[in-house]
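See structure below.
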Amino acid sequence: MFRQSPARTLVLLATLAGLAVYASAGGYFAREIVVEIAILAILAISLDVVAGFGGMVSLAHGAMMGLSAYTYAIFSVKLGWPPLPSALMGIGASALFGTAIGWITGRTTGIFFIMATLAFGQMAYTVFFKWRWLGGDDGLGGLSRFDLGWLGIKMGDSLTFAFFALVMVLAVYAAAAWVLRTAFGRTLTGIHTNEDRMRALGVSTVVHRAQALGFSAMLAGVAGIIAAQHILYISPEMLVWTVSGEVLIVVILGGLGTLIGPLLGAVIFVLLKHEISAYTNHWHIVIGILLIATVLSGGRGIYGQVEHWLTRRTQPAGKTAEAPDA
Amino acid sequence: MDASFWILQFLNAAQFSMLLFLLSIGLTVIFGLLHFINLAHGALYMLGAYIGISVAAATGSFWAALILAPLAVMLIGAVLYFTLIDRLRGAGPMNQVLVTFGLIFVFLDLVRMGWGDVALGLSAPPSLAVTSDILGVKYPSYRLFIIALGLAIMAGLWITLARTQIGAMIRASVENGPMASAMGINVGRLFFIVFCVGCVLAGLAGVAAAPVTSATTGMGISILIPTLIVVVIGGLGSLQGAIAGSIIVGFIETFGAVLLPGFAAVLTYILLAAILVLRPQGLLPARGH
Amino acid sequence: MLEVRKLCKSFGGLQVTRNVSFVLEPGERRVILGPNGAGKTTLFNQLVGTLTPSSGDILVQGRSVMGLSVSARAREGLSRSYQKNNLFEDLSVRENLMLAAAAGQGKARSIWRDSFRDAEVRETVREVAQQVALTDMLDMPVRSASYGSRRQLEVGLALATRPRILLMDEPTSGVGPTMIESFHRLLHSLPRELTVLIIEHDMDLAFDVADRITVLNFGEVVFEGTPDETRGNKVVRDIYLGDWQANA
């Protein structure tokens, strides 16, 4: 069961504050990195909701993000809608896509679910890759950011945009943490632990899983809007399955099922990528080895491992293992 | 669109189908035996191509490459088996997907380090670097060789599975692993053998494909998805399934690309999604799945 | 309350349920007896919807539930416990009961309220924990609880949905005499209006709690009657009870 422990709140706020300081103190490059982290973190948090708490390992989250970005582009660039309603359409499209995938794959689990999400994600990728009206494989430019001039906020400024992205991380985290602590989230964890029993208790698990994937896709859609407004250009590369694979790596490195771990994972992943890239072109091998090492060492990830140590300290081993017989 | 067009596309589709078959058969039997999913299978294909190019350069012989590179890939596979794969048996699909996804990254960069990030070609042996006349259509002999190679291996595997003792053991283990273990079949050792054969075939496919497509660092990832689709469509663990799946995907992709450009790629994914939802066991599953 | 009409089920050529019919009155306690392989669990699985019968009908309060899914039948008030523990292993005893109680009260889906803080859910959990004697173990992780406690939780989960019809599949399977004793007490403590159908191996328990007994053999109802009639019935004794005692 998800618990928003004080430690998690502390890590969340400290990480966001640290990133805000980094963006303020650093130059343009630091702000680009912060936005990149924010997009990846939102995507990873949204994936953790379904993978960590619902057992649904999706390889379609990149596609969900991309679908949101493209829908935003369709409404704002092609149809001339203002940015805010266009963004809502994008997020809505992504949520619908996620719900549909969840509904159709309702009874598939394990590797079949992973394959099915891969198929639907690649389907979306191929559609945008081939769709000339939206630029096909060249991508599409001419996007614009939210106009918050009436609030005195200049979104065109790189520092402002970095702050905006961080606020969205906080909002997405809060939404995810909220839902996981409601009846809906409790039931989702129940389905993850024992779907068969949850069904026998009267829960339509297929509907529940579809809604959970829809919610997760909605959050992924937020990442898509920020990504689209970040460099004001989108390309089908956002949707390709390896993007989803990277997001999964981030979740695993940070700590599956901890919600805060994915944020830390995103920070480490992006910083590592840029640090290693400064020395060598071969950052993939480092990430690959890190990933393998994480899984083989128990798969708890960074935050999961820390939490594991902390609980072992406060709760000496064996205390709960002996069960008094009734 | 005259007859020669159809013949040409038919041969192209057959050639692609055979490559897919070589890749998917190892993957599907490994999956059937222990429900192990190996995303790095495509990376082994890529390694086969690059090692083959180096062997050919060193020995001056394509045939040496075609024999030695798959064996080298098998050695790499055996090392992988004892360091990683064996530990991941029964570790659940997510851990297997993650570790083998990590391996894709590792091999990708290893190949970049060893061979650079440029496309490398491999020339077909002189005896095959000509065109043949098939029903009035000029077609590269080398591609016909790939089709023949695929058919020969298909037949060989069929006979092995249907007629030999080890084939019977593999079939029994795929159909009912626990029962096979109870009867004294060492499923772990079978798995190792099948894994090695899968590596050899992936390496072989890599060398065979190199003269047609050139070796690129992206080739492993781009072949992986169609291969997985073949495995799922055909049905996990079955030779017939791998054959049927390879032919279906090979023909849909080839004919789709020329007849319905833009829609073809989506077609395969729609087929995959439909199979997963309506018939998750695949078209021709091994019994017991 | 629960009516089964001419239920048949076959797997290939094998008939596992043959023309089974019976009626449970509201509040009735019915025990199904039968040797291993008599088709008791198969019958159960058809009642709750995990298996589809080949023919026949199942009615709850006069309405057919044949078209309903497992979860929809549970929402109609049909609740089951399993012969093999089927729990939420990663969670605590309390969380297990909370999930069941929330599902039973239709509070499993809200994205605004926390079912675990709901007063009614908590009250149900408190009551059920008392009924199945798990009050002292509510915060224990299920995986570290003893087999007996898990067995009690298995029944507790079925009870926590507050069903109208409770189906119990061998609740005393694998537990010792003291625990069987506590199941006697549990069954007697159940509200009188609850209809209960139990598959049972333990004869004493069956004769103690049952209003009526149905004997199943080779998928067929071979006898139905009160405990006294069952004891006195020669057919039952010959083909079944004798064999039973020989085994016991």
Side-chain angles (χ1 to χ4, degrees), chain A residues 1-4 49 52-55 95 106-107 174-212 214-216 218-219 256-257 311 315 317-326, chain C residues 48-50 69-82 86-92 95-96 98-100 102-104 106-118 121 132-134 136-137 139-141 143-149 152 157-158 160-161 163 178-179 182:
Chain A
M1 277 303 151
F2 176 73
R3 220 167 64 81
Q4 180 60 31
V49 169
F53 298 92
R107 299 230 169 214
W178 172 273
V179 167
L180 288 174
R181 282 193 299 167
T182 61
F184 185 86
R186 309 285 188 202
T187 305
L188 183 64
T189 307
I191 293 173
H192 178 26
T193 314
N194 189 344
E195 178 161 2
D196 185 36
R197 188 63 191 245
M198 212 66 230
R199 205 178 289 135
L201 291 172
V203 173
S204 304
T205 55
V206 173
V207 176
H208 209 89
R209 283 172 44 143
Q211 288 171 335
F215 172 67
S216 170
M218 188 181 93
L219 300 182
L256 179 77
T311 44
Q315 265 182 336
K319 187 188 162 197
T320 51
E322 285 314 312
D325 208 343
Chain C
V48 297
T50 46
S69 66
V70 175
S71 58
R73 289 188 200 187
R75 291 194 292 274
E76 288 292 308
L78 216 60
S79 182
R80 75 165 305 179
S81 73
Y82 292 77
N86 192 4
L87 309 167
F88 302 101
E89 295 284 339
D90 300 338
L91 308 178
S92 71
E95 287 168 336
N96 267 262
M98 292 264 202
L99 283 175
K107 292 173 182 162
R109 308 168 53 81
S110 169
I111 57 162
W112 303 112
R113 289 163 190 281
D114 182 359
S115 46
F116 284 18
R117 286 166 189 268
D118 185 277
V121 169
V132 295
L134 287 173
D136 298 335
M137 280 177 253
D139 292 312
M140 181 179 289
R143 38 174 100 261
S144 51
S146 68
Y147 178 78
S149 308
Q152 283 165 306
L157 281 183
T161 61
T178 29
M179 184 119 339
S182 74

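Reckoned from all heavy atoms, side chains included, excluding hydrogens, waters and symmetry mates. Below, chain A is the first sequence line, B the second, and so on; all start at residue 1.
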Any C/Asp114 side-chain heavy atom under 4.5 Å of A/Arg186 side chain: yes
Pair A/Trp178, C/Trp112 - check side chain to side chain contact (heavy atoms under 4.5 Å, CB included), show working. CA-CA 8 Å; A/Trp178 172 273; C/Trp112 303 112; 4.1 Å; yes
Under a 4.5 Å heavy-atom cutoff, which of A/Gly202, A/Ala200, A/Gly185, A/Gly190 has the most pairs with chain C? A/Gly202
Closest heavy-atom contact between C/Ala108 and A/Thr187? O-OG1, 2.6 Å
Tell me, for C/Ala72 versus chain A, whether the close heavy atoms (under 4.5 Å) come from the side chain, the backbone, both or neither. neither
Top of C/Ala100, C/Gly104, C/Ser115 for chain A proximity - count of heavy-atom pairs under 4.5 angstrom: C/Ser115
Under the ring pair (Phe, Tyr, Trp, His ring centres under 6.0 Å) test, which residues partner C/Phe116, sequence neighbours left out? none
Would you mind checking which part of C/Arg109 comes under 4.5 Å of any heavy atom in chain A, side chain (CB onward), backbone (N, CA, C, O), both or neither? both
Just verifying a value: how many Å separate C/Ser71 OG and A/Leu201 CG, rounded to the nearest 0.5 Å? 10.5 Å
Applying salt bridge (charged side-chain N to carboxylate O under 4.0 Å, His left out), can you list everything that pairs with C/Glu95, at least two apart in sequence or on another chain? none
Are any of the side-chain heavy atoms of C/Leu99 and A/Met1 separated by less than 4.5 Å? yes
Nearest-0.5 Å distance, CZ of residue C/Arg113 to OG1 of residue A/Thr182: 11.5 Å
Between C/Val48 and chain A, with a heavy-atom cut-off of 4.5 Å, which part of the residue counts as in contact: side chain, backbone, both or neither? neither
Applying side chain to side chain contact (heavy atoms under 4.5 Å, CB included) to C/Asn86 and A/Asp196, what does each step give before you reach the verdict? CA-CA 8 Å; C/Asn86 192 4; A/Asp196 185 36; 3.2 Å; yes
Taking every non-hydrogen pair under 4.5 Å, which of C/Val70, C/Asn96, C/Thr178, C/Thr50 racks up the most with chain A? C/Val70
Heaviest contributor of heavy-atom pairs below 4.5 Å to chain C, chosen from A/Arg197, A/His192, A/Arg199, is A/Arg197
So for C/Thr161, is it side chain, backbone, both, or neither that comes closer than 4.5 Å to the heavy atoms of chain A? side chain
How long is the span from the CZ atom in A/Phe215 to the CD1 atom in C/Ile111, to the nearest 0.5 Å? 7.5 Å
Please check if any side-chain donor atom of A/Ser204 sits under 3.5 Å from a side-chain acceptor atom of C/Arg75, or the reverse. yes
